[in-house]
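To start, the structure under review is shown below, and the notes come after it.
Both ligands and their constituent atoms are indexed starting at 1 by order of listing. Quick caveat, the model's predicted, so the values are computed rather than measured.
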Amino acid sequence: MKRIFSNREIVLGVTGSIAAYKACEIASRLTEYGANVTPVLTKSACELVGSATFEAICGRAAITHMFAPLQNPDVEHIAVAQRAHLYLIAPATANFIARATHGIADDWLTTTLLATRAPILIAPAMNTNMYEHPATQENMQTLRRRGVYFVGPDSGRLACKTIGPGRLIDPMKIVEACVPLVSERHDLKNVRIVMTSGGTHEPIDPVRYIGNRSSGKMGRALALEAIARGASVTVVTGPSEVAMPEGALAIPVETAAQMAEAVVNLAQDADVFIGAAAVADYRVETPSNSKKKKSGKKLDLTLVENPDVLGLVGAVKRAKQILVGFAAETDDLLANAALKLKKKQLDLIIANEVNTDVSGFGKDTSKAALIGRDGKVDDLPLLTKEEVAERIMDRVVALIHAA
Ligand code: CTP
């Protein structure tokens with residue numbers, strides 16, 4: 001996230017929704033990731049939240065008035081609008097959306113919205129009836145048609161005590177939705193990536209399963225990196241500690257068999273397939289339909305081999321399709337990985353040490369080596385999973401160009 005947001009100029013417009021306080025969290029995350037955030041509060045927002053909070057979080061003066069005396073020419077309206085890499089309006093009220101649709105320029109935010117050429121991302125938050133009203137829906141459609149992006153809203157309990165759509169989507173998802181819009185690299189534009197992520201759960205009975213320690217962190221990092229660089233990303237994900245990023249189409253599955261079924265259909269259309277999931281190699285032959293009771297004796301489970309998801313894709317690999325796999329190894333890392341690369345017809349394999357304190361399942365860092373079909377090996381130092389994902393995507397881009 002830091003590399004993507006670092007030094008990007010973001011105008012954060014906050015409008016008069018009860019959810020305005022949640023914009024503090026958005027400002028905080030964006031600033032933490034290195035973005036330069038200019039907070040802009042409409043008159044109604046100022047009734048709900050204080051500009052001092054945003055100024056402290058962002059380290060910048062908040063813009064609250066159209067005609068405030070200029071203290072710094074850098075804050076001059078048009079200068080801010082022209083410098084911006086992104087206009088993010090979160091939360092956006094029905095009134096703001098209506099004004100933006102009709103080009104009404106009656107405050108700083110709506111005025112500079114007409115002046116900026118930066119992408120515009122809107123996160124609506126309002127009462128369900130207001131959201132579902134044809135006026136709001138048609139306004140949003142008009143804005144979409146003009147190239148404005150939307151994220152959310154969520155459905156749930158609203159401040160007005162109704163339950164339904166209109167709730168501001170989770171601040172982290174809003175931050176994630178900014179990723180492809182602020183990113184500087186677009187070398188995976190128009191590339192369709194299908195991947196697997198997470199672990200699998202193989203049922204023993206209705207309450208127990210055989211699983212593994214996969215957290216899904218590497219899969220999430222790969223999906224985020226690919227989205228940032230312009231790819232369309234579909235992730236078939238088994239149970240995972242982390243959610244897939246906003247912008248990825250996540251298809252949740254539980255077992256290896258379900259993962260194989262979902263992947264076989266999707267992989268046909270993929271330009272790149274990445275097998276990042278820790279797929280259970282075995283499943284219980286006949287899981288019990290009712291909970292197994294203690295019997296005081298040994299319990300034998302017969303395990304049968306699962307389909308090899310990556311292997312299935314490799315078997316029907318199209319010309320120019322790029323296949324990437326992982327090798328989780330505890331011994332003979334490079335030799336074992338190179339064997340898997342060949343056996344599964346891969347273009348690239350990521351050999352991962354999984355038995356150290358700093359690398360492997362659940363960790364934020366990874367010690368990996370990238371081995372190409374051409375024999376090229378990048379033995380990476382210990383890096384964060386986000387950094388490893390960046391290196392993997394660099395190799396994927398090179399493979400696409402070479403194909
Ligand atoms: N893989 C898969 N389906 C399986 C097993 C593995 O798609 N049933 C994929 C993984 O996603 C990974 C690669 O194959 O990209 C290698 O997985 P790994 O567990 O390291 O190797 P295995 O092929 O299972 O071999 P082994 O367990 O014997 O090392």
Under the salt bridge (Lys or Arg N to Asp or Glu O under 4.0 Å) rule, what do Arg99 and Asp106 come out as? Steps first, then yes or no, please.
-> CA-CA 9 Å; Arg99 287 187 296 138; Asp106 59 356; 2.6 Å; yes

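One finds no salt bridge joining Glu387 and Arg391 here, because no Lys/Arg side-chain nitrogen approaches an Asp/Glu carboxylate oxygen to under 4.0 Å. Between Arg373 and Asp347, at least one side-chain nitrogen of the basic residue sits less than 4.0 Å from a carboxylate oxygen of the acidic one, meeting the salt-bridge criterion.
Judged as a side-chain hydrogen bond (donor to acceptor under 3.5 Å, both in side chains), and not counting sequence neighbours, Lys385 has no contacts.
Within the structure, no pair that satisfies the salt bridge (charged side-chain N to carboxylate O under 4.0 Å, His left out) test touches residues 131-155, not counting sequence neighbours.
Residues lining ligand 1 at a heavy-atom distance below 4.0 Å are given as Gly275, Ala277, Val279, Asp281, Pro307, Asp308, Val309, Leu310, Gly325, Phe326, Ala327, Ala328, Lys340, Lys344, ordered by chain and residue number.
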Acceptor/donor pairs from residues 360-370 side chains to any protein atom, 3.5 angstrom cut, sequence neighbours excluded:
from	atom 1	to	atom 2	distance (Å)
Asp364	OD1	Lys217	NZ	3.0
Thr365	OG1	Val358	O	2.5
Ser366	OG	Asn352	ND2	2.9
Lys367	NZ	Asp379	OD1	3.0
Lys367	NZ	Leu380	O	2.6

